[in-house]
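Down below is the structure, laid out as structure tokens.
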Amino acid sequence: MAARLTAGGLGTIAPPRSEDFASVVIACRPKVFRFALASLRDRDAAETVAQDCFVRAYQGWDHFRGESSVETWIMQIAVNLVRDHLRNRKLRFWKRAQQTAVPVETMGAALADGAESAERRVLLQEQAKAVWDAAGRLPEKQRTVFLLRFVEDMELLEIAAATGMKEGTVKTHLFRALRTVRERLGAPV
């Protein structure tokens, strides 16, 4: 049996066939790109990471052991590529992220519906910017867990598999990330 799309995502029982790779790219690319964009806040870097992720997955496709779902395996590659990108270009990344980040107005407009007042839209924009800024200053592991949980809506066990951490470690990083973000936003901890 090969990789297939199931109700719970991409699952596998035996090593996938090479013709299934195209369907995996179609199914997983948006999630990989969103994670990379949320992590890097740079569209070009996110595109590069997403492309590199699928190049590496294709190169290792015949060696996929099926110990996790294909989607989890792909996300693990993406997490590692983002980590490498940040490690190799940390200072340059932050300068570029400041210049090319999604404008707060755009993000706030996407969150607000047409019935919102102008005051409410500005407040939502400011809150969204504050959350992104607070998340962007988290330590690497906390930021990765935070983004996988809240941007990609991954379950704790999926995050553990994608990052190579134990579930308890994921919980600890998520707890600390939430506490830090709340503190930076001035919310009660």
**Fill in**
What one should report as the nearest heavy-atom pair of Asp133 and Arg41 is N-NH1, 4.5 Å
**Donor-acceptor contact below 3.5 Å, side chain Arg143 vs main chain Leu138** = yes
**Prompt:** Could you go step by step and tell me if Leu174 and Phe150 meet the side-chain contact (heavy atoms from CB on, under 4.5 Å) rule?
**Reply:** CA-CA 10 Å; Leu174 185 58; Phe150 295 110; 3.6 Å; yes
**Asked** Atom SG of Cys53 and atom CG of Asn80: how far apart are they, to the nearest 0.5 Å?
**Response** 9.5 Å
**Prompt:** Sequence neighbours excluded, which residues qualify as side-chain contact (heavy atoms from CB on, under 4.5 Å) partners of Gln59?
**Reply:** Val55, Arg56
**Prompt:** In Å and rounded to the nearest 0.5 Å, what is the CG to CE distance from Leu148 to Met154?
**Reply:** 5.5 Å
**Any donor-acceptor N or O pair under 3.5 Å, side chains Ser69, Thr72** = yes
**Request:** Begin with the C-alpha distance, continue with both residues' side-chain angles, and end with the deciding distance and a verdict on side-chain contact (heavy atoms from CB on, under 4.5 Å) for Arg43 and Phe33.
**Result:** CA-CA 9 Å; Arg43 184 170 289 279; Phe33 176 74; 3.3 Å; yes
**Request:** Find the distance between CD (Glu167) and OG1 (Thr172) and round it off to the nearest 0.5 Å.
**Result:** 10.5 Å
**Complete:** The reported gap from CZ in Phe54 to CD1 in Ile74 (rounded to nearest 0.5 angstrom) is 5.0 Å
**Prompt:** Can you list the residues that meet the side-chain contact (heavy atoms from CB on, under 4.5 Å) rule with Arg34, with sequence neighbours excluded?
**Reply:** Pro30, Lys31, Glu152
**Distance, nearest 0.5 Å, that separates CD of Gln142 from CG of Leu178** = 9.5 Å
**Complete:** Heavy atoms of Val181 and Phe146 approach each other most closely as CG2-CE1, 4.1 Å
**Closest contact, heavy atoms only, Val32 versus Ala78** = CG1-CB, 3.9 Å
**Message:** Any non-hydrogen side-chain atom of Val79 less than 4.5 Å from a side-chain atom of Phe35?
**Reply:** yes
**Message:** Students often mix this up, so state it plainly: with edges at 30° and 60°, are the rings of Trp61 and Phe21 parallel, tilted or perpendicular?
**Reply:** perpendicular
**Asked** Which atom pair, heavy atoms only, marks the closest approach of Ala45 to His85?
**Response** CB-NE2, 3.8 Å
**Request:** Spell out, yes or no, whether Val82 and Trp132 are grouped together once hydrophobic residues are joined by side-chain heavy atoms under 4.5 Å, including indirect joins.
**Result:** yes
**Asked** Any side-chain heavy atom of Leu124 sitting closer than 4.5 Å to one from Arg121?
**Response** no
**Message:** Closer than 3.5 angstrom, by distance alone: can the side chain of Glu158 be matched with the main-chain N or O of Glu155 as a donor-acceptor pair?
**Reply:** yes
**Reported CD1-to-CE distance for the pair Ile159 and Met75, which is rounded to 0.5 angstrom** = 9.5 Å
**Message:** I want to check something: taking the side chain as every heavy atom from C-beta on, are Thr180 and Arg184 in contact at a cut-off of under 4.5 Å?
**Reply:** yes
**Message:** Same cluster or not: Trp73 versus Tyr58, using hydrophobic residues (I, L, V, M, F, W, Y) connected whenever any side-chain heavy atoms lie under 4.5 Å apart?
**Reply:** yes
**Asked** Considering only heavy atoms from C-beta outward, does the side chain of Lys171 approach that of Val145 to under 4.5 Å?
**Response** no
**Message:** Could you tell me if the side chain of His173 sits less than 4.5 Å from the side chain of Val170, heavy atoms only?
**Reply:** no
**Prompt:** Run the side-chain contact (heavy atoms from CB on, under 4.5 Å) check on Thr169 and Lys166 step by step: do they pass?
**Reply:** CA-CA 5 Å; Thr169 305; Lys166 294 182 179 181; 3.9 Å; yes
